[in-house]
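Sequence positions, counted from 1, serve as the residue numbers for this chain. The figures here come from the full heavy-atom set of this structure, side chains too, leaving out hydrogens, waters and symmetry mates. Quantities reported herein were computed from a predicted structural model and do not represent experimental measurements.
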Amino acid sequence: MSKYNLDYLDELEAEAIHILREVAGQFEKPALLFSGGKDSITLVRLAEKAFRPGKFPFPLVHIDTGHNFEETINYRDKMVERLGEKLIVGHVQESIDQGKVVEQTGKNASRNSLQTVTLLDTIAKHGFDACIGGARRDEEKARAKERIFSVRDEFGQWDPKRQRPELWNIYNGKIHKGENVRVFPISNWTELDVWNYIKRENIDLPSIYFAHRRDVITRNGQLMAASPFLNMDADDIVENKMVRFRTVGDMSCTAAVESEADQIEDIIREISASKISERGARLDDKVSEAAMEDRKKGGYF
C-alpha cells in the first residue's frame, strides 16, 4: 500500500478547513470577518476549498473605520464581486455620528480602537453566533492565550481565564443565548506560513504588501503613510521612500517598513531574517504592555 504524505502546509490547510466546517456544522449564523489583509484573504481561499462549488455558509463582514488604505477597499470590492458572496459592512463613522463612540483627538489619534463598538453592534444587529477571524498565536502574546473556539459573553467581552480545553481536534461550540464564539482557523500558522501558502496558492494581494514608493512621515520611530487621516503639523516632514506594509489596518496606526521586496520570494526572505514581529508595525499595540489584551477583553477581535 502506498503511503500518503502531507507537507506542513497541507497539514495546516487541512486543520483550517476542518475548523471552518465545524463552524458551519455547529453554529446557526456564523460570519467571516474580513479586513482586506493577507490573513483574512487566506481565510477566504480556505473557505473556497472547504465549501465550493457551493456558496459560503456565512457572509463576509468588514468593519470599515473610514480611514482604510484605498488599495485595501478596492481589493475587497473586486474580490467580493469575483466570489459572488455577500458582504456586510459596519461603519465606524455611523457609531461616531450616533454618539456611541467619541473620535480621538491629538497627534496620535486613531479610529482603530473605535472598531470594537461597531463590531459588537454589527454582531448584535445580524445575530451572529460565531465570528471567524484570521488572528494567529505568533502575532502577539495576548493572542497566544486564545483557544481556536474562544467564547465571548453577552457583552462581547473575553475572559482569558474562562477558556475551554481543546483536546485533540474536538471543538466545543455550545453557547448560551447572547454569547458568541470567535473562531481562529489559522491560529497555529505563523506569518511565514501564511506567505508560503500565498505563494503556493498564487493568491492575489493588495499592492501595499509589496514594495512601492510612498510619501511617509516618521512618527514615534515608525514610517506612517502621509494621509489626510493623520493629524500632521510643522514637525512632520514628508519623505518619499520605498516601503511596504507587513500588516493592514487603519492608516493612522499602521506603519510601513523600508523595503525593496516587490516579489513574494523577496518578502519571504525578508520575513525569515526579521527580528521584529509583524505587530511591531502597529502603533496601537504600543499604548501599554497589555494594550491588545485590554482591547480583546472589551470585545476587540
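Note: Y8 and Y197 fail the aromatic proximity criterion, with ring centroids not under 6.0 Å apart. Aromatic rings from F69 and F245 are positioned such that their centres are separated by under 6.0 Å.
In this pair, F58 and F56 present their aromatic rings tilted. The plane angle is within the 30 to 60° band.
A donor-acceptor contact shorter than 3.5 Å links the side chain of D138 to the backbone of E191. With T42 contributing its side chain and K38 its backbone, the two residues share a donor-acceptor pair below 3.5 Å. Proximity of a side-chain donor or acceptor of T254 to a complementary backbone N or O of V248 within less than 3.5 Å is not detected.
For the pair K107 and D236, the salt-bridge criterion is met [side-chain N within less than 4.0 Å of a carboxylate O]. Classification of E48 and R45 as a salt-bridged pair holds, one side-chain N sitting under 4.0 Å from a carboxylate O. Taking 4.0 Å as the cut-off between side-chain N and carboxylate O, E179 and R152 do not count as a salt-bridged pair. With salt bridges taken as basic N to acidic carboxylate O contacts below 4.0 Å, none links E85 and R76. One finds no salt bridge joining R246 and E270 here, because no Lys/Arg side-chain nitrogen approaches an Asp/Glu carboxylate oxygen to under 4.0 Å.
In this structure, CD in E201 is found 8.0 Å from CG in L46, a value given to the nearest 0.5 Å. The distance from the CD1 atom of I208 to the OH atom of Y75 is 11.5 Å, given to the nearest 0.5 Å.
No side-chain donor-acceptor contact under 3.5 Å links R214 and N240. The closest side-chain donor-acceptor pair between N180 and D129, if any, does not fall under 3.5 angstrom. The closest side-chain donor-acceptor pair between T65 and D250 falls under 3.5 angstrom.
With sequence neighbours excluded, the residues forming a side-chain contact (heavy atoms from CB on, under 4.5 Å) with K241 are V216, L223, E239, V243, E258, listed by chain and number.
Other members of a hydrophobic cluster containing I237 are absent, since no ILVMFWY side chain comes under 4.5 Å of it, directly or through relayed contacts.
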Can you list, pair by pair, the side-chain donor-acceptor contacts under 3.5 Å of residues 16-28, counting residues two or more places apart and other chains?
| unit_1 | atom_1 | unit_2 | atom_2 | d |
| --- | --- | --- | --- | --- |
| H18 | NE2 | N169 | O | 3.4 |
| R21 | NE | A50 | O | 3.2 |
| R21 | NH2 | A50 | O | 3.1 |
| E22 | OE1 | Q26 | NE2 | 2.7 |
| Q26 | OE1 | G173 | N | 2.9 |
| Q26 | NE2 | Y171 | O | 3.0 |

